[in-house]
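Here the structure is laid out as structure tokens; the discussion comes afterwards.
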Amino acid sequence: MTLPEKPLLKPFLLLLSLSLLLLLPLVDPSFRRSSSPSTTPAAPAAGAATPLLRIRPGYHSYDDYIKHQLNKTLDPRLRRLWATRDWDRKVLVFARFFSDLKSQGLLSNASRALCIGARLGQEVAALHRVGVADAVGMDLVPSPPLVAAGDFHAQPFPDASFDFEFSNVFDHALYPDRFVAEIERTLRPGGVAVLHVALHRRGDKYSANDLFAVDGVLGLFKQSDLVRVSKVDGFGLDTEVVLRKKKRPSQR
Ligand SMILES: *[C@@H]1O[C@H](CO)[C@@H](O)[C@H](O)[C@H]1NC(C)=O
Ligand SMILES: *[C@@H]1O[C@H](CO)[C@@H](O)[C@H](O)[C@H]1NC(C)=O
């Protein structure tokens, strides 16, 4: 009688072939390579994608990107945190950064100052606290009276509007070259740009680019001279870059 064996043999053979199939990728490296997802880098979304700076893929349109950014900016839980628990601490830390910049002659009470991606305006409040009265913030969502509405890829300000611009949202730029070109356009000749960036940390899920070396951002400034690069401890951002827009446009 062979009949009872067959139903047992079949599942056994099935199990055997299944386990071989599962083991194959571990045993044969060529199999593993060919079956893993394609590692060809996706075409950069746009802008200056160098090995030092990578644009994150995945945005299907500019609208899509803006919607994603708005989702963080409009998150009611985050806005409540920014307005309450975070407010004093952030204003205090920013005020310390700005008074250091004042003592180094990079910012003064008379500076017209812009904070890019200012959320509710903590940086602006800090500038006011250290005596820079003519300071304004800009973000996708306005927060009057400190923060005006504006997209850092197309600032709503005329050329040469500011003496000083600060931002710690470089990682949110989908077009980092546009982000920097807009800073250089709206700075007056001799004006100072200060960016806080992360070099040794991955941004959050709202970051649109990843910066791997400071030259990835410095190289985007076409009309400015480097003042300095230094270490900071700024809410997860570890590097402060300071540039000064040239007095005369360079011939390019
Ligand atoms: C925006 O955030 C909400 C939760 O606040 C989430 O349900 C939604 O999927 C998000 N949309 C996008 C486009 O990320
Ligand atoms: C700048 O403003 C601060 C705060 O209002 C004030 O204490 C300081 O004296 C001012 N500095 C100059 C050089 O006017």
Side-chain angles (χ1 to χ4, degrees), residues 73 78-150 152 155-170 179-180 182-198 217-218 221 223-249:
T73 307
L78 281 178
R79 287 186 91 78
R80 212 174 314 119
L81 273 184
W82 293 334
T84 56
R85 194 197 70 188
D86 272 9
W87 184 270
D88 288 334
R89 185 172 62 98
K90 288 211 166 171
V91 171
L92 199 74
V93 172
F94 283 125
R96 213 174 298 135
F97 290 137
F98 294 138
S99 30
D100 287 348
L101 292 164
K102 280 182 82 181
S103 66
Q104 293 154 18
L106 298 162
L107 173 67
S108 80
N109 284 5
S111 297
R112 174 134 212 263
L114 172 67
C115 298
I116 298 163
R119 308 288 185 208
L120 301 185
Q122 293 93 330
E123 295 104 308
V124 183
L127 282 167
H128 291 166
R129 186 175 293 183
V130 302
V132 183
D134 194 358
V136 68
M138 182 191 78
D139 209 316
L140 287 173
V141 179
S143 183
L146 299 181
V147 180
F152 50 53
Q155 287 189 24
F157 305 108
D159 297 358
S161 295
F162 301 101
D163 304 295
F164 177 88
E165 298 193 24
F166 171 79
S167 187
N168 62 4
V169 298
F170 177 78
F179 179 98
V180 168
E182 281 294 89
I183 291 175
E184 291 193 313
R185 179 181 69 76
T186 56
L187 270 180
R188 290 177 186 147
V192 170
V194 176
L195 301 184
H196 285 182
V197 296
V217 59
L218 298 181
F221 282 85
Q223 305 176 47
S224 308
D225 296 315
L226 178 63
V227 176
R228 65 176 162 77
V229 173
S230 33
K231 294 277 123 214
V232 282
D233 182 6
F235 308 107
L237 306 178
D238 51 36
T239 303
E240 180 174 81
V241 304
V242 182
L243 295 106
R244 192 187 284 278
K245 185 174 172 180
K246 292 183 204 294
K247 292 270 160 59
R248 255 176 245 107

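All ligand and atom numbering here is 1-based and tracks the order in the structure.
- Within a 6.0 Å sphere centred on CG of D233, heavy atoms belonging to other residues, nucleotides or ligands number 12 at most.
- Residues in residues 112-138 take part in these salt bridge (charged side-chain N to carboxylate O under 4.0 Å, His left out) pairs, two or more places apart or across chains: R112-D134.
- In this view, R79 satisfies the salt bridge (Lys or Arg N to Asp or Glu O under 4.0 Å) rule with no residue, not counting sequence neighbours.
- D225 pairs in a salt bridge (charged side-chain N to carboxylate O under 4.0 Å, His left out) with only one of the listed residues (K246, K245, R244), which is K246.
- Sorted by first and then second residue, the side-chain hydrogen bond (donor to acceptor under 3.5 Å, both in side chains) pairs involving residues 93-106 (not counting sequence neighbours) are K102-N109, Q104-R228.
- Within 4.0 Å of ligand 2, protein heavy atoms come from K102, N109, G131.
- Here the closest non-hydrogen pair linking F157 and T186 is O-CG2, 3.7 Å.
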